[in-house]
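The block underneath contains the structure these notes are about, expressed in structure tokens.
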2 protein chains.
Amino acid sequence: MTAADAGTPRERYRAQVRDEVKLHAREQIAAAGASALSLNAIAKRMGMSGPALYRYFANRDELITELVKDAYRSLADAVRDAPEGAGVAEFAHVLRAWALEDRQRYFLVYGTPIPGYEAPEDTTLIASEIMAVLLRACAAEPPAAPGTAAPDTTALDAHLAGHRAWAPDPAVPAAALSRALAVWTRLHGVLSLELSGHFVGMGFDPAELFAAEVRSLTGR
Amino acid sequence: MTAADAGTPRERYRAQVRDEVKLHAREQIAAAGASALSLNAIAKRMGMSGPALYRYFANRDELITELVKDAYRSLADAVRDAPEGAGVAEFAHVLRAWALEDRQRYFLVYGTPIPGYEAPEDTTLIASEIMAVLLRACAAEPPAAPGTAAPDTTALDAHLAGHRAWAPDPAVPAAALSRALAVWTRLHGVLSLELSGHFVGMGFDPAELFAAEVRSLTGR
DNA sequence: AAGAAAAGTGATAGCCTCTAACTGAACGAT
DNA sequence: ATCGTTCAGTTAGAGGCTATCACTTTTCTT
């Protein structure tokens, strides 16, 4: 489960320690945010001295990057493991469940970026994997419900038709692209504000708002 | 402009220094994010020793809180200064312009929160001021364009009708509430992902996506 | 001009990241 | 079985940070 079973005993031990470090890191991040993560504190909690951890992670940034990658991976797994042929509604449900399970993990992926920090290739690859799942869900579903009219995305569709570096597969129609972007941005909009606590004093149930947004995206 | 003109000379001097500190703080945040803000570095850049700044700000958190409050205030001013009777489209335009002007300022308001940090009363007051402007824009505008059908929000409206602690004015119809929430969350969804750089490798123009979202919100 | 209030200082405690030099244990090859 | 290498872990320490304290200097008030 924790990827600590491969090769020589030394490698296994190494992987085990790395996993334990990440475990404590996740706890620390959940408690006080990513900016409060301290290698020193983790080392002490593991019963070893600070510099020892530098055998396992080159620096603090590498540990955080690792956690970001894990978070991405975890989200990609979650949306990919949805039942075959699942649609936008299922995607939304899985996303929300994943986000609520650990809000700091969500922010690791979609939170405020640090200026100058460039996401490594790996994470952008996983990101496009997530996007691929969403695109598949959008393409497989009726582009709009019969009764209700879909929002007019023809102008956007035209633009996307010529700027689809992120979805080069010509089998995916342009309408699916704009739909995927709408799903992504709208769900993120509601989720992000909910997880940030911006709805706290307002009195309504964020789940209702999310559900309404999903309905509007799936054409009721 | 910088609120450094009131009362005794001492108070003026004090306000001036505080403003200068905040100026450097904003620069530092823009360069490396809020988590990299250092009172020490600011002091040195101002030609004084570290502890001197503690005469002006109780601690680092108070400085950041002040910057957050300023950011909120600035956004509230921006949306309030829109021409009288401005609608959702103007609101969206002002919001995007404000966000692009200084992305870190946007994240100060809508970015990843620090667990345990509670926004002071002031900021929530300003937040509701912003919301009031948005509500006014939503209420003043035709609830939906004639041709296109609006998304079905009746279920959400029913919920909001009973949970509108954030908009107790009965003159504002429930439909305006759900519309305001949609505007807020959807614009934030697009803007936040754009500012975070999540669209970077994708090849399309975020402005087009934003414009499409605004069209969909204003019923074309 | 004398006294009070406030601004600024250096010293210091206690965190942190990260490097460097060193010790000790496990491992592979002879 | 032993030797030499490799790797985990240690302490020491440089340099950064927040924040407090005691102290000096400046400035305002009376």
Side-chain angles (χ1 to χ4, degrees), chain A residues 2-68 114-117, chain B residues 4-68 114-117:
Chain A
T2 39
D5 28 51
T8 73
R10 245 186 186 154
E11 280 168 339
R12 281 179 36 184
Y13 176 74
R14 217 185 141 69
Q16 196 177 314
V17 172
R18 275 179 71 98
D19 277 353
E20 194 181 337
V21 171
K22 294 206 270 185
L23 188 84
H24 286 277
R26 274 187 291 267
E27 278 173 15
Q28 219 176 87
I29 286 180
S35 60
L37 186 145
S38 152
L39 288 192
N40 229 324
I42 293 173
K44 267 171 199 161
R45 213 171 289 184
M46 286 177 66
M48 50 210 270
S49 246
L53 291 199
Y54 287 80
R55 296 270 173 210
Y56 299 92
F57 297 91
N59 49 44
R60 207 187 95 129
D61 256 37
E62 189 184 294
L63 171 56
I64 293 184
T65 299
E66 197 76 12
L67 295 171
V68 171
I114 296 172
Y117 176 83
Chain B
D5 29 51
T8 74
R10 233 178 196 160
E11 280 169 339
R12 281 179 38 185
Y13 176 75
R14 218 184 140 70
Q16 197 176 313
V17 173
R18 276 178 70 99
D19 276 354
E20 193 180 338
V21 171
K22 294 206 270 184
L23 187 85
H24 286 278
R26 273 188 292 267
E27 278 172 16
Q28 220 176 85
I29 286 182
S35 60
L37 186 146
S38 152
L39 289 192
N40 230 324
I42 292 173
K44 267 172 198 159
R45 214 170 289 183
M46 287 177 65
M48 47 211 269
S49 245
L53 291 198
Y54 287 80
R55 297 269 175 212
Y56 299 92
F57 297 92
N59 50 44
R60 209 187 93 125
D61 256 36
E62 188 185 294
L63 172 55
I64 293 183
T65 299
E66 198 75 12
L67 295 171
V68 171
I114 296 172
Y117 176 81

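Throughout, protein chains are lettered first and strands after them, A, B, ... in sequence-line order, and every chain is numbered starting at 1.
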Open item on the list: Main chain of A/L39, side chain of A/R60: is a donor-acceptor contact present, judged purely on distance under 3.5 Å?
Closed with: no
Open item on the list: Looking at B/R55 and B/R14, would you say the former's side chain and the latter's main chain have a donor-acceptor pair under 3.5 Å?
Closed with: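 It does not hold such a pair.
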With a 4.0 Å cut-off on heavy atoms, is [X] in touch with a base, just the backbone sugar-phosphate, or nothing at all?
X: B/Y56; value: sugar-phosphate
X: A/S38; value: sugar-phosphate
X: A/R10; value: base
X: A/N40; value: base

In this structure, how many angstroms lie between the [atom2] atom of [N] and the [atom1] atom of [X], rounded?
X: B/E62; N: D/dT18; atom1: CD; atom2: C1'; result: 14 Å
X: B/R12; N: C/dA7; atom1: CZ; atom2: C1'; result: 17 Å
X: B/L37; N: C/dC16; atom1: CG; atom2: P; result: 20 Å
X: B/R18; N: C/dG8; atom1: CZ; atom2: P; result: 13 Å
X: B/L39; N: D/dT18; atom1: CG; atom2: P; result: 5 Å
X: B/M46; N: C/dA7; atom1: CE; atom2: P; result: 13 Å
X: B/I42; N: D/dA19; atom1: CD1; atom2: C1'; result: 15 Å
X: B/R55; N: D/dC23; atom1: CZ; atom2: P; result: 14 Å

Task: Spacing of CZ belonging to B/R45 relative to OG belonging to B/S38, to within rounding of 0.5 Å - done: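 If I round to the nearest 0.5 Å, the distance is 9.0 Å.
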Open item on the list: Would you compute the distance between atom OH of B/Y56 and atom CD1 of B/I42 and round it to the nearest 0.5 angstrom?
Closed with: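 Answer for the OH-CD1 pair, B/Y56 versus B/I42, is 14.0 Å.
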Open item on the list: Can you work out whether A/L53 or B/D61 has the more 5'-proximal nearest nucleotide on DNA chain D?
Closed with: A/L53
Open item on the list: Reading DNA chain D from 5' onward, which residue's closest nucleotide shows up sooner: B/R60 or A/V17?
Closed with: A/V17
TODO: Could you please name the option among D/dC17, C/dC18, D/dA19 that lies closest to any side-chain atom of B/N59?
DONE: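 Of D/dC17, C/dC18, D/dA19, D/dA19 is nearest to the side chain of B/N59.
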Open item on the list: Quick check for you: among C/dC18, D/dT18, C/dT9, whose closest atom lies nearest to any side-chain atom of B/P51?
Closed with: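 Per side-chain heavy atoms of B/P51, the pick is C/dT9.
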TODO: Write down the atom of B/L37, the atom of B/A25, and the distance for their closest heavy-atom approach.
DONE: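 Answer, listing the atom of B/L37 first, then B/A25: CD1-CB, 3.7 Å.
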Task: Phosphate-side-chain proximity, B/Y13 and C/dG8, N/O vs OP1/OP2 below 4.0 Å - done: yes
Open item on the list: Is there a side-chain contact between B/R14 and the phosphate of C/dA7, meaning an N or O under 4.0 Å from OP1 or OP2?
Closed with: yes
